[in-house]
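Below, chain A is the first sequence line, B the second, and so on; all start at residue 1.
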Amino acid sequence: MLKLLNVEKQYPNGVSALKNITLTVEQGEFVYLVGQSGAGKSTLIKLLYRELIPTKGFIQINDFDLRQMKERQVPQLRRTLGVVFQDFKLLPKMTVAENIGYALQVIGKSDTEIETAVEQVLEEVGLAEQATHFPDELSGGQQQRVAIARAIVNRPKVLIADEPTGNLDPQTTQGIMEILQRINDSGTTIIMATHNQQIVDELPHRVIEIADGQIVRDEQGGQYTHEVDNDKKTSAR
Amino acid sequence: MKWITIKRHLRDSLRSLKRNGWMAFAAISGVAVTILLVGISLALVFNVTKLSRDVENDVRVQVLVEPKTTSKQKDTLKSELKEIAGVKTVSYSSKANELKKVVSQYGNSFKMFGGDDNPLNDVFTLKAKDPQATVKIAKKAAKIKHVAKASYGGDQARKLFRTMDSVRNWGVAFSVLLLIVAIFLIANTIRITILSRRNEIEIMRLVGATRWYIRWPFILEGAWTGLLGAIVPLIIIDFGYASVYHAVGRQLATSGYSLMTTSQLVWPLNLTLILIAMLIGAFGAAISMRRFLKV
Ligand SMILES: Nc1ncnc2c1ncn2[C@@H]1O[C@H](COP(=O)(O)OP(=O)(O)O)[C@@H](O)[C@H]1O
Ligand SMILES: [Mg+2]
């Protein structure tokens with residue numbers, strides 16, 4: 001479970017990126033964070049995996065209190081989360097299997113544990129054939145699937161994704177969404193920031209819309225844009 | 001820490017040491033010069049400490065007899081010397097005997113001073129009951145008839161120590177300077193390593209590697225740099241000391257003082273230097289980690 005209470009984030013340069021954010025996400029939910037560029041989506045995501053610390057307010061994730069948390073406890077929090085980005089962040093000198101295994105290696109897992117886990121997760125994202133390929137031998141969609149595999153290989157409770165399809169064409173995007181849906185079906189909470197209208201409309205889930213650092217809409221099974229706005233657009237055409 | 005983790009850290013640190021090539025070589029050389037100088041300074045300090053302790057414990061007073069003193073007068077002198085408070089024993093060595101010592105030390109060219117040309121004095125060596133008494137005994141002995149000069153153990157040595165002291169101070173000051181250079185060179189290679197691995201570091205942080213897991217390879221790389229830098233200076237110091245010990249040791253032998261033996265000095269010194277070298281490395285790494293490794 002994930003809980004934010006009156007969270008504010010002000011950057012050192014004075015930009016107030018988030019104001020008074022309060023929200024609760026239950027285990028197993030799929031949540032879209034939508035909003036224009038600069039609205040504060042990435043800032044919120046970074047607060048969740050504690051890349052940033054809130055200026056004010058309370059954040060709780062997987063029973064970790066992020067406000068009370070000491071710096072040396074952060075790794076424990078991150079082991080219960082998976083994070084995926086628009087730019088994949090794969091290590092170019094490692095193969096697909098090594099990139100995924102690395103996530104387990106650096107938290108002290110044994111080689112046999114790693115081998116089994118990597119094999120299984122590659123199967124899940126449909127890349128078993130590409131295990132020994134290097135990232136630059138893969139398409140963008142395949143690279144993002146490697147990144148997703150790396151994020152879920154330690155079986156996190158929550159998968160956080162910041163514009164995971166931002167660099168991908170519509171067809172590839174659909175493949176990624178299918179994988180995310182499957183991960184969600186297995187009980188993993190998914191929080192995904194996006195400004196891809198088509199995704200949100202075709203695969204409806206809870207939508208939280210942020211504008212200018214504030215939550216302006218929180219709707220179960222919502223559309224990318226609010227219905228009223230949709231009507232306006234339709235009538236304008 | 002698990003064995004597999006240790007193995008991974010060792011491999012990572014050695015790999016990046018190799019990858020840093022010339023940069024690592026410069027740092028290793030910096031450590032080498034530093035350790036050489038620190039080693040020489042330390043060898044000096046150890047020996048000065050030992051010699052001054054020897055001198056402090058020296059109970060001997062040398063009494064030079066005036067030339068042309070008859071053997072009868074010398075007998076009287078001997079018993080007078082025995083009377084001085086605090087004297088335990090008195091022993092005699094003729095000037096011919098003294099010349100023999102000089103020849104054995106400095107070579108046969110001194111042989112020409114044999115016989116009547118011998119410029120040396122006959123010598124009485126007194127032994128005091130305790131080292132503190134030597135100064136008083138020397139003063140009293142100097143006033144007795146037919147005594148040319150009385151010197152207590154180590155007033156020569158003390159002069160020598162003053163020179164050695166300043167040599168040592170310069171050595172220490174220069175070592176500190178080199179230490180800073182070496183640390184800087186190591187910090188620089190570690191900085192390169194950190195920057196070249198920043199993507200890996202980002203991923204490690206993201207997936208929950210502990211701060212120490214991320215730090216270890218850099219600390220180890222620094223320590224290896226130190227260790228590799230110590231090898232050559234250690235060899236030089238160990239062999240160098242052995243020959244210094246032979247050369248200087250023989251000269252000191254007649255005075256009753258001695259340097260630390262090679263086995264007394266070499267092992268403690270080697271261990272100290274290896275430790276210092278590895279600490280320099282780890283410290284250099286720590287400096288770069290503070291600045292460039294935000295974990
Ligand atoms: N590191 C930063 N320092 C200062 N301001 C920032 C920083 N990152 C983001 N911002 C500002 O915070 C606001 C929210 O940015 P962001 O969270 O990236 O929005 P989004 O992901 O929705 O596009 C923007 O006005 C942006 O300029
Ligand atoms: Mg963003």
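Looking at every heavy atom in both residues, Val106(A) comes nearest to Ala209(B) through O-CB, 3.4 Å. In terms of heavy-atom proximity, Thr210(B) sits nearest to Pro75(A) at CA-CG, 3.8 Å. Minimum interatomic distance between Tyr213(B) and Gln105(A) (heavy atoms only, all atoms of both residues): OH-O, 3.7 Å.
Atom CD of Glu115(A) has 12 or fewer heavy atoms from other residues, nucleotides or ligands within 6.0 Å. Within 6.0 Å of CZ in Phe25(B) there are 12 or fewer heavy atoms belonging to other residues, nucleotides or ligands. Heavy-atom contacts from other residues, nucleotides or ligands closer than 6.0 Å to CD of Gln264(B) number more than 12. Taking a 6.0 Å sphere around NE2 of His195(A), one finds it holds 12 or fewer heavy atoms contributed by other residues, nucleotides or ligands. The neighbour count for Gln60(A) CD, taken as heavy atoms of other residues, nucleotides or ligands under 6.0 Å away, is above 12. Dense packing is recorded around CD of Gln27(A), with more than 12 heavy atoms of other residues, nucleotides or ligands lying under 6.0 Å away. More than 12 heavy atoms of other residues, nucleotides or ligands shown are found within 6.0 angstrom of CZ on Phe64(A). Under a cut-off of 6.0 angstrom, the local environment of CZ in Arg291(B) is sparse, with at most 12 non-hydrogen atoms contributed by other residues, nucleotides or ligands.
Contact annotation for Leu206(B): both backbone and side-chain heavy atoms come within less than 4.5 Å of a heavy atom of chain A. For Thr5(B), the part lying under 4.5 angstrom from a heavy atom of chain A is the side chain only.
Heavy-atom pairs under 4.5 Å with chain B peak, among Lys89(A), Glu51(A), Arg50(A), at Lys89(A). Taking chain B as the reference chain and counting heavy-atom pairs below 4.5 Å, the highest number among Lys109(A), Lys93(A), Met94(A) is found for Lys109(A).
To the nearest 0.5 Å, atom CG of residue Leu90(A) and atom CD1 of residue Ile203(B) are 7.5 Å apart. With rounding to the nearest 0.5 Å, the separation of CD in Glu202(B) from CZ in Phe85(A) is 6.5 Å.
For the pair Arg72(A) (side chain) and Arg211(B) (backbone), a donor-acceptor distance under 3.5 Å is absent. Under a 3.5 Å cut-off, the side chain of Arg78(A) and the backbone N or O of Val207(B) do not form any donor-acceptor pair.
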**Request:** Might you work through the salt bridge (Lys or Arg N to Asp or Glu O under 4.0 Å) test for Asp111(A) and Lys7(B), ending with a clear yes or no?
**Result:** CA-CA 12 Å; Asp111(A) 288 342; Lys7(B) 235 166 56 183; 6.0 Å; no
